[in-house]
Amino acid sequence: MSIPRGSQVQKRFSSFMRKGLLEVPSPTEKDWPKDDENDYVFVDLGQEVDSLPQPYRMINKMVNLLFDKCWEVIQERDALRDVEFSRTQPTTYPPLVENKLNKMPNCMAISQDYVFIGGAKGFSIYNLYNAKQIYIWEKLKVDITSIWATDLGNEILIAPVDEMGIARLFYFNKDGLFLIKAINEVDDASKQTTCIKMEISQGGDFAAFLLQGAGDIWLDVYKLPKESWLKEVEHPQPAINPKKKVRQPQPNTLEPVTSENLEMDMNVCFRGDIKLSLPVHIMKIKPPKPITGTTFKSPLEVFAKVEDYYGLGSGQNHFIKDSQWEQLAAIFLAPHGKYLDKEWEEEPPSMATFHFLLPSSIITMPMEVKGPSGVACVLGIHWAGSHNFFLYSLHRTLKDKVDPEGVWPCAAPIAVSQLSYTCTYLVLACEDGVLTLWDLAEGFPLGVIALPKGCSCQSIHFLKYFLVHKGQNMYPESPLKSQMKCVVLCTDSSLYLVTAKRTQGPTISVLVERPIKHLDEAICAVAPVLALPGMLLIFGKNGSVQLMDVAKPQIICAFALPRTYHLAVPWKPLFAVSVQHPCFLLRGDHPDEIESDDTKNIQDSVFYFNLEAYPLLEHISRNHSIPETDMTENMAFAQVLPLEKRCESFLQKRFQKLEKKVKEQEHWTRLRRYSLLLQRENFRK
């Protein structure tokens with residue numbers, strides 16, 4: 001922006017100006033250029049511009065800068081639009097079934113053919129296929145925030161946790177719903193504890209609850225009497241105790257439930273009159289104490305403290321004095337103390353991750369302890385900020401001393417740990433990005449691999465091991481040993497596939513790179529579809545839901561809610577994926593209803609996506625297993641078979657060759673005999 005000089009002066013002047021820049025002439029006149037009319041141009045001095053005075057000159061620069069940035073944004077959006085149009089969009093499928101709910105669901109879980117949805121004042125049970133409500137349990141004054149469902153065979157163990165942090169155990173079968181126990185409910189509200197996290201072992205033999213209260217945190221482990229529950233349900237005995245005092249109503253006490261609006265799909269009712277056996281409290285695990293100076297006077301006392309080498313490696317039993325710790329702290333603070341805002345102190349752990357491990361050769365157990373196969377025998381746990389992975393035996397009572405039977409120390413604090421759905425493989429991810437892969441069944445590590453520089457692990461998801469046969473992902477009929485695949489989601493939204501075999505080291509490949517320009521395409525959650533080999537659900541922060549084939553890798557198709565619905569919190573979607581069936585559930589919200597003040601009339605929906613019903617996935621869902629004969633005949637697949645299978649296949653092929661050779665020899669022998677007989681007959685004639 002400028003001001004014409006002609007606006008300031010009434011008279012306008014004009015003159016001829018030479019084109020280009022003026023130069024200093026040479027000393028001799030011979031070298032002077034000759035004047036030419038074309039070298040001059042007519043300039044109107046009245047049209048010249050003057051620079052603006054302050055502050056208008058600064059305003060002019062700001063306006064020009066704003067225009068330039070707007071133009072850059074316009075160009076970037078145009079380029080992005082061109083890329084979107086040129087990009088091949090995946091086929092998008094709508095949901096098959098919509099289950100409308102009168103209350104907003106807070107959590108979901110799938111087990112067998114049932115869906116458990118937690119919401120206001122309780123939870124509901126639905127049929128997975130037709131979305132019909134089987135039963136509704138609403139006897140609380142607070143909402144359910146999380147829910148777990150574990151398959152016990154013909155029965156299901158349900159564990160909801162409400163807003164007060166109280167965890168309850170329910171037993172569900174065809175006869176009804178039974179309340180077993182409220183784990184951490186107490187009469188005195190001042191002594192109430194909060195359940196932060198829980199885990200149930202495979203098969204439902206044990207359960208662990210991470211509790212917090214009065215500034216402390218600990219883990220309570222229970223043994224669940226499944227066999228007693230079966231007998232008590234078959235032969236029910238009413239629980240009548242007239243001497244028991246009636247409790248005063250608490251904020252989370254039970255209320256009578258009405259069944260006016262229930263749509264019963266089967267004869268299921270709440271059997272509150274039947275008392276089932278309570279879980280047995282077997283262990284209380286507290287976080288490890290901070291490492292301080294030793295109280296031992298000699299190294300012999302240190303070795304005497306460690307009995308049978310249990311707990312060796314935890315760092316609790318050492319011979320380092322307080323003065324040595326102070327010297328180490330002084331050495332550290334000398335160069336780094338100026339960068340610390342306050343005195344550094346080790347914070348107590350506030351979270352723990354724990355898993356139930358099956359018996360294996362890698363876990364040392366006492367000789368006198370013998371448990372059935374397929375039942376968890378050890379609890380593995382690591383606390384936040386700890387380098388150690390502790391192993392505790394489950395074959396104990398509450399009176400026994402709680403000491404770890406084993407310790408697996410790591411070079412860096414453990415950030416994430418994940419156990420496979422078969423309880424066969426374990427992955428420990430440290431804060432430095434190093435992954436340690438363990439084969440618990442065979443008893444040895446599969447390898448150690450590091451994520452790319454700058455990547456930190458956010459979550460780990462195991463895939464059921466599959467093979468690529470004739471361009472299609474397929475599961476082998478018999479399970480393979482010492483071979484695993486898992487997907488690692490990093491904090492920068494990058495996605496990696498980690499593969500490990502017994503005979504080879506682990507490998508890592510990129511599935512999705514970190515988004516740089518388009519941050520709305522960042523991945524916020526992933527979930528493997530175990531019913532389909534090599535398929536992974538990817539949830540984006542922009543609300544997109546896509547299905548990826550990790551073997552290629554490429555997007556197969558996408559899923560979308562109806563136009564009137566969307567994800568209210570796209571970076572934290574509420575979904576549930578079935579383990580047995582190729583389907584998943586996704587909650588959808590109305591945009592206008594979320595902003596409205598009338599929460600009573602809000603009607604949310606849970607949408608059901610059946611992957612078998614879509615054309616692109618129909619062939620994959622039907623043909624997803626490799627016959628064992630094809631694996632033995634194919635040399636590439638024969639290498640992944642166990643040694644016993646390979647030896648058996650080799651001997652069978654060898655025997656078939658020998659048998660064929662013997663038959664050929666017998667055939668030639670018969671021909672020779674027949675030819676000799678013919679020669680004799682001809683000679684006689």
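Quick note: numbers below take in every heavy atom, side chains included, and nothing from hydrogens, waters or symmetry partners.
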Undergrad: How about W229 and I180: do any of their side-chain heavy atoms sit closer than 4.5 Å?
TA: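 When only atoms from C-beta onward are counted, I180 and W229 do touch, with a gap below 4.5 Å.
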Undergrad: Distance check, rounded to the nearest 0.5 Å: L532 atom CG versus K464 atom NZ?
TA: 11.0 Å
Undergrad: Compare all side-chain heavy atoms of I217 with those of P287 and state whether any distance is below 4.5 angstrom.
TA: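 Side chain of I217 against side chain of P287, heavy atoms only: contact under 4.5 Å found.
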Undergrad: So do the side chains of F390 and I285 get within less than 4.5 Å of each other, counting heavy atoms only?
TA: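 No, side chains not in contact.
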Undergrad: If you measure from CG on L437 to CD1 on I460, what distance do you get to the nearest 0.5 Å?
TA: 8.5 Å
Undergrad: Check whether S420 reaches the backbone of T424 with its side chain - one donor and one acceptor, N or O, closer than 3.5 Å.
TA: yes
Undergrad: Are Q202 and Y421 close enough that a side-chain donor and a side-chain acceptor fall under 3.5 Å?
TA: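 Per modelled atom types, Q202 and Y421 side chains form no pair under 3.5 Å.
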Undergrad: Is it the case that the side chain of D151 and the backbone of S111 share a donor-acceptor pair, with hydrogens and angles ignored and the cut-off at 3.5 Å?
TA: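 Checking the backbone N and O of S111 against the side chain of D151, no donor-acceptor pair under 3.5 Å is found.
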Undergrad: Test Q418 against C486 for side chain to side chain contact (heavy atoms under 4.5 Å, CB included), laying out the working first.
TA: CA-CA 10 Å; Q418 186 62 42; C486 65; over 6 Å; no
Undergrad: Okay, side chain of T92, backbone of A558: is any donor-acceptor separation there less than 3.5 Å?
TA: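 It does not hold such a pair.
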Undergrad: L495 and side-chain contact (heavy atoms from CB on, under 4.5 Å): which partner among V488, I538, V550?
TA: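 It is I538, the one option of V488, I538, V550 that forms the side-chain contact (heavy atoms from CB on, under 4.5 Å) with L495.
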Undergrad: Check this for me, if you would: do K121 and D143 make a salt bridge, where the nitrogen-to-carboxylate-oxygen distance has to be below 4.0 angstrom?
TA: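 A salt bridge is absent here (no side-chain N lies under 4.0 Å from a carboxylate O).
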Undergrad: Between Y135 and F172, is the ring centre distance below 6.0 Å?
TA: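 No; F172 has its ring centre 6.0 Å or more from that of Y135.
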Undergrad: Do the numbers put K284 on top of the ring of W218, so that NZ or CZ is under 6.0 Å from the six-membered ring centre and no more than 45° off the axis?
TA: yes
Undergrad: Can you confirm if the aromatic rings of F170 and W137 lie within a centre distance of less than 6.0 Å?
TA: yes
Undergrad: Is there a side-chain hydrogen bond (donor to acceptor under 3.5 Å, both in side chains) between S605 and E98? Walk through the geometry before answering.
TA: CA-CA 6 Å; S605 297; E98 178 183 359; 2.9 Å; yes
Undergrad: Can the ring centres of Y475 and Y465 be said to be less than 6.0 Å apart?
TA: no
Undergrad: Go through the steps for M351 and W383 under the test side chain to side chain contact (heavy atoms under 4.5 Å, CB included), then give the verdict.
TA: CA-CA 6 Å; M351 182 57 68; W383 299 89; over 6 Å; no
Undergrad: Report yes if the distance between the aromatic ring centroids of F609 and F559 is under 6.0 Å, otherwise no.
TA: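 Yes, the ring centres sit under 6.0 Å apart.
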Undergrad: Are K485 and F466 in a cation-pi setup, meaning NZ or CZ lies under 6.0 angstrom from the ring centre and within 45 degrees of the ring axis?
TA: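 Yes, K485 lies over the aromatic ring of F466.
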Undergrad: Taking the six-membered ring for Trp, are the ring centroids of Y222 and F209 within less than 6.0 Å of each other?
TA: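 Judged by ring-centre distance (under 6.0 Å), Y222 and F209 do meet the cut-off.
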Undergrad: E232 and S277: side-chain donor and acceptor closer than 3.5 Å?
TA: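 Yes, S277 and E232 have a side-chain donor paired with an acceptor closer than 3.5 Å.
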Undergrad: Can you check salt bridge (Lys or Arg N to Asp or Glu O under 4.0 Å) on R168 and D162, steps first, answer last?
TA: CA-CA 9 Å; R168 295 176 174 84; D162 60 21; 3.0 Å; yes
Undergrad: Can you find a heavy atom in the side chain of D113 that is under 4.5 Å from one in the side chain of Y129?
TA: yes
Undergrad: Can you confirm whether the side chains of H281 and D220 place a donor and an acceptor under 3.5 Å from each other?
TA: yes
Undergrad: Among T150, V233, N173, which residue satisfies the side-chain contact (heavy atoms from CB on, under 4.5 Å) criterion with E155?
TA: N173
Undergrad: Once you round to the nearest 0.5 Å, how far does CD of Q554 lie from CG of D549?
TA: 6.5 Å
Undergrad: Is a donor on one side and an acceptor on the other found under 3.5 Å between the side chain of K174 and the backbone of N154?
TA: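 No, the answer is negative, given that no donor and acceptor are paired below the 3.5 Å cut-off.
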Undergrad: Could you walk me through whether T193 and I166 pass the side chain to side chain contact (heavy atoms under 4.5 Å, CB included) check?
TA: CA-CA 8 Å; T193 59; I166 298 179; over 6 Å; no
Undergrad: Give, for atom CG of L394 and atom OG of S201, the distance between the pair rounded to the nearest 0.5 Å.
TA: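 Output value for this atom pair is 8.0 Å.
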Undergrad: Quick one: does H355's side chain have a donor or acceptor within less than 3.5 Å of a partner on L379's backbone?
TA: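 Answer holds: no.
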Undergrad: Have H581 and N610 got a donor and an acceptor in their side chains that come within less than 3.5 Å?
TA: no
Undergrad: Counting C-beta onward and ignoring hydrogens, is there a side-chain heavy-atom pair between I381 and L219 closer than 4.5 Å?
TA: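 They are in side-chain contact.
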Undergrad: To the nearest 0.5 Å, tell me how far I556 CD1 sits from L536 CG.
TA: 11.5 Å
Undergrad: Could you report the tightest heavy-atom contact between L451 and S456, atom names first, then the distance?
TA: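 So the minimum-distance heavy-atom pair works out to CD1-C, 4.3 Å.
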Undergrad: After noting the C-alpha distance and the side-chain angles of V577 and L537, does the key distance pass the side chain to side chain contact (heavy atoms under 4.5 Å, CB included) rule?
TA: CA-CA 9 Å; V577 183; L537 283 173; 4.0 Å; yes
Undergrad: List the atom of C524, the atom of P570, and the distance in Å for their closest heavy-atom pair.
TA: SG-O, 3.4 Å
Undergrad: Determine whether D492 and S494 satisfy the following criterion, side-chain hydrogen bond (donor to acceptor under 3.5 Å, both in side chains), listing intermediate values before the conclusion.
TA: CA-CA 6 Å; D492 59 355; S494 58; 2.7 Å; yes
Undergrad: Heavy-atom distance under 4.5 Å between the side chains of L617 and L547, does that happen here?
TA: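 Side chain of L617 against side chain of L547, heavy atoms only: contact under 4.5 Å found.
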Undergrad: Do other residues, nucleotides or ligands put more than 12 heavy atoms under 6.0 Å from the CD atom of Q580?
TA: yes
Undergrad: Anything under 30° is parallel, anything over 60° is perpendicular, the rest tilted; go ahead and classify F575 against F539.
TA: parallel
Undergrad: Can you tell me how far apart OH (Y171) and CZ (F178) are? Round to the nearest 0.5 Å.
TA: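 Rounded to the nearest 0.5 Å, the OH-CZ separation comes to 8.0 Å.
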Undergrad: Return the minimal non-hydrogen interatomic distance between S393 and R396, and the atom names on each side.
TA: O-NE, 2.8 Å
Undergrad: If every non-hydrogen atom of C410 is compared with every non-hydrogen atom of L428, which pair is closest and at what distance?
TA: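 That would be SG-CD1, 4.2 Å.
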Undergrad: So, Y93 versus Y614, ring centres under 6.0 angstrom or not?
TA: yes
Undergrad: Has R587 got a side-chain atom pairing as donor or acceptor with P105's backbone, closer than 3.5 angstrom?
TA: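 Present.
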Undergrad: How far apart are the closest heavy atoms of F607 and P95, and which atoms are they?
TA: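 Scanning both residues completely, I find the closest heavy atoms to be CD2-CG, 3.5 Å.
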Undergrad: Does NZ belonging to K197 count more than 12 external heavy atoms closer than 6.0 Å?
TA: yes
Undergrad: Would you check if the side chain of N184 reaches a backbone N or O of G165 as a donor-acceptor pair within less than 3.5 Å?
TA: yes
Undergrad: Ignoring hydrogens and geometry, is there a side-chain-to-backbone donor-acceptor pair from T145 to V161 under 3.5 Å?
TA: yes
Undergrad: Which heavy atom in I156 sits nearest to a heavy atom in A149, and how many Å separate them?
TA: CG2-CB, 4.2 Å
Undergrad: Are side-chain N/O atoms of S544 and N542 paired as donor and acceptor at under 3.5 Å?
TA: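 Side chains of S544 and N542: pair found under 3.5 Å.
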Undergrad: Would you say that F270 contacts I136 through its side chain, given a criterion of any heavy-atom pair below 4.5 Å between the two side chains?
TA: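 No, side chains not in contact.
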Undergrad: When you measure from the side chain of Q112 to the backbone of G153, do you find a donor-acceptor pair of N or O atoms at a distance under 3.5 Å?
TA: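 Flag set: sc Q112 to bb G153 pair under 3.5 Å.
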Undergrad: Would K103 and E138 pass as an ion pair if we require N to O under 4.0 Å?
TA: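 Salt bridge flag = yes for E138 with K103.
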Undergrad: Are S578 and F584 side-chain neighbours, meaning at least one heavy-atom pair lies under 4.5 Å?
TA: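 Side-chain contact under 4.5 Å: no.
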